[in-house]
Amino acid sequence: MEKIIQQILSKAFPSTEAAAYEIAALKAQLELPKPAIHVISDVHGEARKLRHVINNASGHLRPVVAELFKGNTESEEFQEFLHLLYYPTELLQKKTEQFDGDDEARYQWVLTTVQRQFSIVRTEIHSKRRKDIKHYTPKQFREIYELLLNFPAGGHNEHFLTASIRELVNRKMDFNLLQSASRFIRNIAVDELVVAGDLGDRGSRIDKVIDYLMRQSKVSIVWGNHDVIWMGACLGHQALIAIVLRVSLRYRRMYQLEEGYGILTNSLELLARNIYNDDPAEFFKPKRGGERHEIDIARMQKAISIIQFKLEGQMIERHPEWEMDDRNILKRIDYDKGTVDIEGTIYPLRDTYFPTIDPADPNKLSAEEQHCMDRLAESFISSSKLWQHMKWIVERGSMAEVRDTACIFHACLALDENANYQPLEIDGVEHRGTEQFNAFNKVIRRSFRKGHKADQNDKDWFYYLWAGPKSPLFGKDKMATFETYFIEDKASHKETKNQWYTSIHEAEFCDKICREMGVPENGLIVNGHVPVKVDKGEDPVKRGGNAVTIDGAFSEAYGDRGYTLILSENGEYLAEHHGFKDPRSAVRTGEDIIPTVRKIRSYESVRLNKDTEKGKAIRQQIKALDDLIEAYEDGEINEE
C-alpha cells in the first residue's frame, strides 16, 4: 500500500527536487499564522442576512477598510468602497448609470478602486501560500492580479497597469475585474466558514441559503436537527416529509418548496379542501401573513399535522427500543371524552375535530391521506435540486468538527441527572457521549449512498435525531408539537432540557468533553440550537468560560440577531449581528450591519498552523514526501 501511495504522489512530484521544494514550502507554512475560521449557526432560512454576514466577513473587513481610508468612515467614498466589497453587483449597476457616456471618469474611478482593493489584498494574504492565492484567482485576470499584487514594488512599468485598465474600460470588462476582486478579498479574508447546523425552517428560503453557501470557497456543515428532517424528507421518509411541510406552512414558507424545489403540494391542498372544508382550524393559523388565504393554510397545516402524528406513532411502534411510547400521542386520546393523557395528567382538548382518525386504529392513514403522502413522497424524491442540495450537505457535513481548540457540534450530548452519558444502541452497539457522533455519521452517509432505497431503519434514525430524547441534536425530553396545537394548559407545552444545559457551565466538565474530542487543553465547546435570550440577561459564553452558544436568534422569527464565532490567530471573538433589510436598500442608503465584537479568549502568542489540526495534516504530507524522496534515492521509484 505504501508503494502505491508513493507512486500516486510521484505524479504530482516527479523528482527529488520537486518533492524537496514542496517540503520546504510546507515547513514554511507550518510557521505561518493560522488563517481565520468563522463559525455561524442556526441560519434558519434567512438568506439575505446570511449573504451580508458572509460578504462583510462578519464585520472583519470594515476596520481594514477604515484603516485604508485613514479612519474617515463617514465619507461617501468609504461607504461606496464597502458596498463594492459586500454587494459588487448592486453597486456596479449604480455606477454604470453614473458613468453613462463618461469613459474617462469611469477609467479614473476603476484605476483608483482596483488599487485600493489590492491594498486590502496585501493585508490579508499574510497567512497564505502563493499557490493558494493562485487557486482563488480567476484565470482571465491572473496576469493583472499578479501585477496588482506586486505594484509598484514588482518593478513593472506603470503603463502596463494603466493601459490594461483603460482597455478593459473601453471593452466594458472593467467592472468584471472589480467584481472578481471583491470576491477574491472575501475568499482570502476567511479561510473557512463552518455552519453549525439548522440551515432552514422559520426563515423564507433554505434553497437560497444553500445556493449561496455552495458558491463560497470553503464551507463545512455541522448537521442540526432541522437539517436532518430535510435530509430524511429528501430520502422519501414520509414522517419527515410531513414535518417539513408542517413547519413550512406554520411560518408560511411554501415558496421554498414549490418555487425552490419544485415540490407539488396540490394533493395536500385537495385533502384539506375535501376533508377539513368546514373546520375553522383556529389553532393552526400561520405565524405570519401572506398571499394565500389564512384559513386555507391553517387547514392544510392541520391536515399534515394529523398525518405527522399518525406516522410518528407508527414509527414509535416500530422502535420500542427508543422508549418513546409516551409520544405515541393519538393512542393516548379518549375520543369520547375529548381528553388526552400526557404523562399521567388528563387534559381537555381544545380541538376535537378528527375526521380521518379511527379510534380503534388511530395511527392508520385514511385512504385519502395515504394517497396524499404517496404523491408528496414522489415529488420530494424526484426533485433533482433538493437531492443536489441535501447530497452537498452530507458531503460537506458531519455530526461534529474540531477546528484548533474549538469542538463544534450543534446541540448537546445526552446526560442523565447525574451528568453521566446515556447509552444509545446504534447498529447493534451501545454508544455513549462523543462516540455517537461517528456512529451517526456512518448511518447518514450510507443512507445517502443508497438514496430513497436506503434501509427503513436507517431512515428512521433521521427522525430520532430530530426529536429523540437521547438525540445529540435535540436535548429535551419531548417535542411538544401536539400539546402546542391541542392543549390550552401551557404546563403541558413544557419541554424539559437534559442535564447538558446545566453541566456546560462547568469548566471541568467542558474540558473532559474537549479531551474526548482530541483537544487536550484549552478547548472551547461551540454549540448552537438554543437561542440566547440576550434581552432576558442570558450570556452566550457559559459561566466556566470554555463553552459558548452561538445561536443568536439569526431568524427574524426569533429575534433577528445572530452570532459569528471568529477563530483568529490572536484569539476567539464573538461578533453579534443585527437586523438587515436587503442589498439594494443597503447600497441606496449606505446601510451596514456593524457587529458588536466581544473577546472571549486571547492567546499568549500568535497561533501558528503548526499548533492546529491543520499542522498535523501538513506534517503528514511532509512525512509522505520524505518517504517519496527516500524511495527515489533507493531506486524503488523512478524519477522523471
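Residues take their numbers from the sequence shown, with the count starting at 1.
Looking only at side-chain heavy atoms (C-beta outward), F448 and I393 stay at 4.5 Å or farther from each other. Proximity of L424 to F440: side-chain heavy atoms (C-beta onward) are separated by under 4.5 Å at one or more points. By the 4.5 Å heavy-atom criterion applied to side chains, D326 and D477 are not counted as neighbours. The side-chain heavy atoms of L413 and R432, taken from C-beta on, include no pair separated by under 4.5 Å.
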- [ ] Would you sort out whether Q388 and M214 count as a side-chain contact (heavy atoms from CB on, under 4.5 Å), showing the intermediate values?
- [x] CA-CA 11 Å; Q388 178 193 26; M214 289 175 74; 4.2 Å; yes
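Nearest approach of D460 to R318, heavy atoms of both residues: OD1-NH2, 3.0 Å.
Judged purely by distance below 3.5 Å, without hydrogens or angles, the side chains of T564 and H577 pair a donor atom with an acceptor atom. Looking only at atom types and distance, the side chain of D201 has no donor-acceptor partner in the side chain of H44 under 3.5 Å away. In summary, the side chains of D198 and H410 do present a donor paired with an acceptor at a separation below 3.5 Å, with no hydrogens or angles considered. When only modelled atom types and interatomic distance are considered, T356 and E369 share a side-chain donor-acceptor pair under 3.5 Å. T549 and K542 form a side-chain donor-acceptor contact under 3.5 Å, judged by distance and modelled atom types alone. Inspection of the Q256 and Y261 side chains reveals no N or O donor paired with an N or O acceptor under 3.5 Å.
The residues R598 and D539 are annotated as salt-bridged, a charged nitrogen and a carboxylate oxygen being separated by less than 4.0 angstrom.
F283 carries R350 over the face of its six-membered ring, with the cationic atom under 6.0 Å from the centre and within 45° of the normal.
Taking the six-membered ring for Trp, Y464 and W322 have ring centres closer than 6.0 Å. Side-chain rings of W230 and H389 stay apart, their centers remaining 6.0 Å or farther from each other.
With respect to E483, the salt bridge (Lys or Arg N to Asp or Glu O under 4.0 Å) criterion is satisfied by exactly one of K494, R327, R332, K490: R327.
The aromatic rings of F486 and F354 sit tilted relative to each other, their planes meeting at an angle between 30° and 60°.
Between atom CZ of residue R273 and atom CG of residue D296 there is a gap of 7.5 Å, rounded to the nearest 0.5 Å.
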